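The block underneath contains the structure these notes are about, expressed in structure tokens.
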Amino acid sequence: MRQSHLFTKTRKSAPKDEVAKNAQLLIRGGFIHKEMAGVYSYLPLGVRVLSKIENIIREEMNAIGGQEVRMATLHPSENWKKTGGWDNVDVLFKIQSRTEKEYALGQSEEEIVTPIAQEYAASYKDLPFAIYQIGQKYRDELRAKSGIMRGREFGMKDMYSFHESQADFDRFYETVKQAYFRVYQRCGLDAKVTEASGGSFSEKLSYEFMVLTDAGEDDIVYCDCCTHCANVEVSKVAEGETCPKCGKSTLKKARAAEVGNVFDLGTKYPKSFGFTYKDKDGNDQTPIMGCYGIGTTRLMGTAVEVLADEKGIVWPETIAPFDVHLVAITGGNAELQAEADKLYEQFKENDIDVLYDDRDIRAGEKFADAELIGIPTRLVISEKTMQEGGVEVAERKSGSTTFVSESGIIEHLQK
RNA sequence: GCCGGGAUAGCUCAGACGGCAGAGCACCAAGUUCGGAACUUGGCGUCGGAGGUUCGAUCCCUCCUCCCGGAACCA
């Protein structure tokens, strides 16, 4: 894409009503636009990043047998009244129609997915299965904060699974945990899994996936030399004590952002809806249910928080809005401009995902913008580089530069 | 909803004793520039809203709205 066609622009300063690094950089770069506290619109660059995150999640959920759906976000109040959520879930947005009919906005989808599952699962032969979707969620937070880390409307992947037995649930639970680790790893983030409380809807322990960052809202204690990690709210062992798992190190405490969670829901929701299936002996049984969430927009915010430097965002290749930022420094030289245009066309022909800075502005502004936007690889074509018959290749993350000939650049980028 | 802070140009901010409201950036036009947000010249406010005090309020008082931080909460 030509940057001159991109309708968004960068800005030098962050708006004064944003303090969180993720929101400051994402707004300055033109990835998101704030509508009100806790609610953001996603602009072209932001949508590109979010789509890549969603696709990684989609691939991993599909790989473990998840089936993608898109459920309603406008919910009938009756379903929430059946489960008790109407009166007990304080973050539930409740709205009323002109005729005073009541609705809820989806803050989670058990109330919708359970009846759907019920419709199709009448026999033990129909189990197990897992349904997921990626979409908007609404939560009536008393205090939205931290940019896109904790909003009233946000993106989430939520998956729900239904099983015949606890053993089968446990098997799938573990499968999902492994898939989640792959998601975070592919997004360039190092996540830890912690034990945490199940919240208001489950008496069992849940697992949360945590990425260390001061922008988070949870405190965890973890071990450096093994995988032990727990939310301080449930940890029986405190900071500085010996790791109960490996016994080798003392535990450290850190701030972390929850980027996913998995819950054993037991039979609560199927029971609320009278969801039973026939077992082999013809008896009615209630399925065991699990739910699994990843906040897609929070994941995006976390990546910014964790990976950005003083110049701007540093996207991992896997979720960057573009793979390559081609920056033309022409100084008004038409031949050079034509040369850059040619290179851009060649990139497109070779399916290289490129943002081409063809704007008629000074070099310094282009460099500053490139660093702010954070595309992993920056190519510069200028009089200087042309004299040597090539382009400069700069890595955003390290700042290191190399020189590659014009004829070899496509091959260089494709490997 | 609680505690604290805040709201002045599109953006970032200054401002005064209560007395004609400013700068930089951005935007438009022209020119000079052209590898780190450059420069010159000319073109844009309901001082968040509503009351009150006052000859006069952006400034003082009251209420409200919105925003930020914190606490609490956190499917």
Side-chain angles (χ1 to χ4, degrees), chain A residues 9-20 23-24 27-28 30 33-39 80 83-85 88-93 104-113 137-147 149-152 154 156-160 196-202 204 206 208 215-218 231 233 257-258 260-265 268-269 289-295 298 311-312 327-333 336-337 357 359-372 378-387 391-392 394 399 401:
Chain A
K9 292 174 187 171
T10 59
R11 22 193 296 182
K12 285 186 186 177
S13 55
K16 64 182 160 203
D17 67 353
E18 294 288 4
V19 174
Q24 288 192 338
I27 289 173
R28 285 186 54 210
H33 177 264
K34 185 181 206 160
E35 300 301 338
M36 54 182 148
V39 180
W80 285 88
T83 62
N88 294 320
V89 176
D90 51 8
V91 297
L92 186 66
F93 270 114
L105 290 182
Q107 57 90 39
S108 187
E109 301 272 338
E110 284 80 1
E111 278 74 4
I112 299 301
V113 75
K137 290 283 175 288
Y138 303 87
R139 290 189 187 166
D140 187 6
E141 298 281 357
L142 284 177
R143 181 80 176 84
K145 54 181 283 195
S146 307
M149 301 292 280
R150 183 181 175 85
R152 297 196 170 98
F154 57 95
M156 184 167 144
K157 183 283 302 180
D158 45 323
M159 181 162 75
Y160 308 87
S197 75
S200 61
F201 69 103
S202 174
K204 303 186 181 184
S206 68
E208 293 174 341
E217 296 186 324
D218 292 271
N231 199 306
E233 69 185 16
E258 182 188 340
N261 54 40
V262 295
F263 288 92
D264 177 349
L265 295 177
K268 172 179 161 57
Y269 289 93
M289 184 174 172
C291 79
Y292 318 84
I294 295 179
R298 180 182 280 182
K311 291 175 178 170
V327 176
I329 309 290
T330 63
N333 181 329
L336 201 50
Q337 187 74 54
D357 194 346
R359 299 173 299 170
D360 183 23
I361 56 173
R362 294 175 65 85
E365 197 172 341
K366 292 191 177 193
F367 291 142
D369 278 352
E371 279 151 357
L372 174 61
R378 186 190 72 193
L379 302 184
V380 176
I381 177 166
S382 69
E383 213 157 300
K384 210 164 86 182
T385 67
M386 286 309 288
Q387 278 169 7
V391 296
E392 177 194 274
T401 61

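Labels below follow one simple rule: chain letters A, B, ... track the order of the sequence lines, proteins then strands, and each chain is numbered from 1. Computed from a prediction, not measured in an experiment: that's the story for all the values here.
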Using atom [atom1] of [X] as one end and atom [atom2] of [N] as the other, report the distance to the nearest whole Å.
X	N	atom1	atom2	result
R143(A)	rG5(B)	CZ	C1'	11 Å
R378(A)	rG36(B)	CZ	C1'	9 Å
Q24(A)	rC11(B)	CD	P	16 Å
K16(A)	rC66(B)	NZ	C1'	12 Å
R362(A)	rA38(B)	CZ	P	7 Å
I27(A)	rU12(B)	CD1	C1'	14 Å
N88(A)	rC73(B)	CG	C1'	15 Å
L372(A)	rC11(B)	CG	C1'	15 Å

What integer number of Å spans the [atom1] atoms of [N] and [M]?
N	M	atom1	result
rC11(B)	rG42(B)	C1'	22 Å
rG49(B)	rG6(B)	C1'	16 Å
rA29(B)	rG22(B)	P	26 Å
rC3(B)	rC44(B)	P	45 Å
rA26(B)	rG45(B)	C1'	16 Å
rC59(B)	rC17(B)	C1'	10 Å
rC28(B)	rC66(B)	C1'	32 Å
rU65(B)	rU46(B)	C1'	16 Å

Test your reading of the model: is there a side-chain donor-acceptor pair from [X] to the backbone of [Y], 3.5 Å cut-off?
X	Y	result
Q24(A)	E18(A)	yes
R378(A)	V327(A)	no
K366(A)	I361(A)	no
R28(A)	R11(A)	yes

Test for a donor-acceptor pair under 3.5 Å between the base of [N] and the side chain of [X], counting only N and O atoms.
X	N	result
E383(A)	rG35(B)	no
E365(A)	rG36(B)	no
R11(A)	rU12(B)	no
R150(A)	rC73(B)	yes

_Just checking E383(A): does its CD atom have more than 12 heavy atoms from other residues, nucleotides or ligands closer to it than 6.0 angstrom?_
no
*Taking atom NZ of K311(A) as the centre, does the number of heavy atoms from other residues, nucleotides or ligands within less than 6.0 Å exceed 12?*
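Counting other residues, nucleotides and ligands, NZ of K311(A) stays at 12 neighbours or fewer.
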*asked:* Is K34(A) close enough to rC68(B) that one of its side-chain N or O atoms is under 4.0 Å from OP1 or OP2 there?
replied: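 For K34(A), the contact criterion (side-chain N or O under 4.0 Å from OP1 or OP2 of rC68(B)) is met.
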*asked:* With a cut-off of less than 4.0 Å, is there a side-chain N or O of K145(A) near OP1 or OP2 of rG70(B)?
replied: yes
*If a stem is a run of at least 3 consecutive Watson-Crick or G-U pairs, both distances under 3.5 Å, which stems include RNA chain B?*
B:2-7 with B:65-70, B:10-13 with B:22-25, B:27-32 with B:38-43, B:48-52 with B:60-64
_Nearest-neighbour nucleotide for the E217(A) side chain, rG35(B), rC74(B), rA72(B) considered_ = rC74(B)
*Would you indicate which nucleotide in rC73(B), rA37(B), rG35(B) comes nearest to any side-chain atom of D369(A)?*
rA37(B)
Tell me what [X] touches on the nucleic acid: a base, only sugar-phosphate, or nothing, going by heavy atoms under 4.0 Å.
X	value
V327(A)	nothing
S382(A)	base
K12(A)	base
T83(A)	nothing
D90(A)	sugar-phosphate
R298(A)	nothing

*Check the pair D158(A), Y160(A) against side-chain hydrogen bond (donor to acceptor under 3.5 Å, both in side chains), reporting the backbone distance first and the verdict last.*
CA-CA 7 Å; D158(A) 45 323; Y160(A) 308 87; 2.6 Å; yes
*Apply side-chain hydrogen bond (donor to acceptor under 3.5 Å, both in side chains) to the pair N261(A) and S206(A), showing each step before the final yes or no.*
CA-CA 7 Å; N261(A) 54 40; S206(A) 68; over 6 Å; no
*Using a distance-only test with no angle check, is there a side-chain donor-acceptor pair under 3.5 angstrom linking E111(A) and T83(A)?*
yes
*Are the side chains of M36(A) and R152(A) in touch, meaning some heavy atoms are under 4.5 Å apart?*
no
_On RNA chain B, compare the nucleotides closest to A37(A) and E392(A); which residue's is nearer the 5' end?_
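It is E392(A), whose closest nucleotide lies nearer the 5' terminus.
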*asked:* Quick check: on RNA chain B, is the nucleotide nearest E35(A) upstream (toward 5') of the one nearest D360(A), or the reverse? Name the residue that is more 5'.
replied: D360(A)
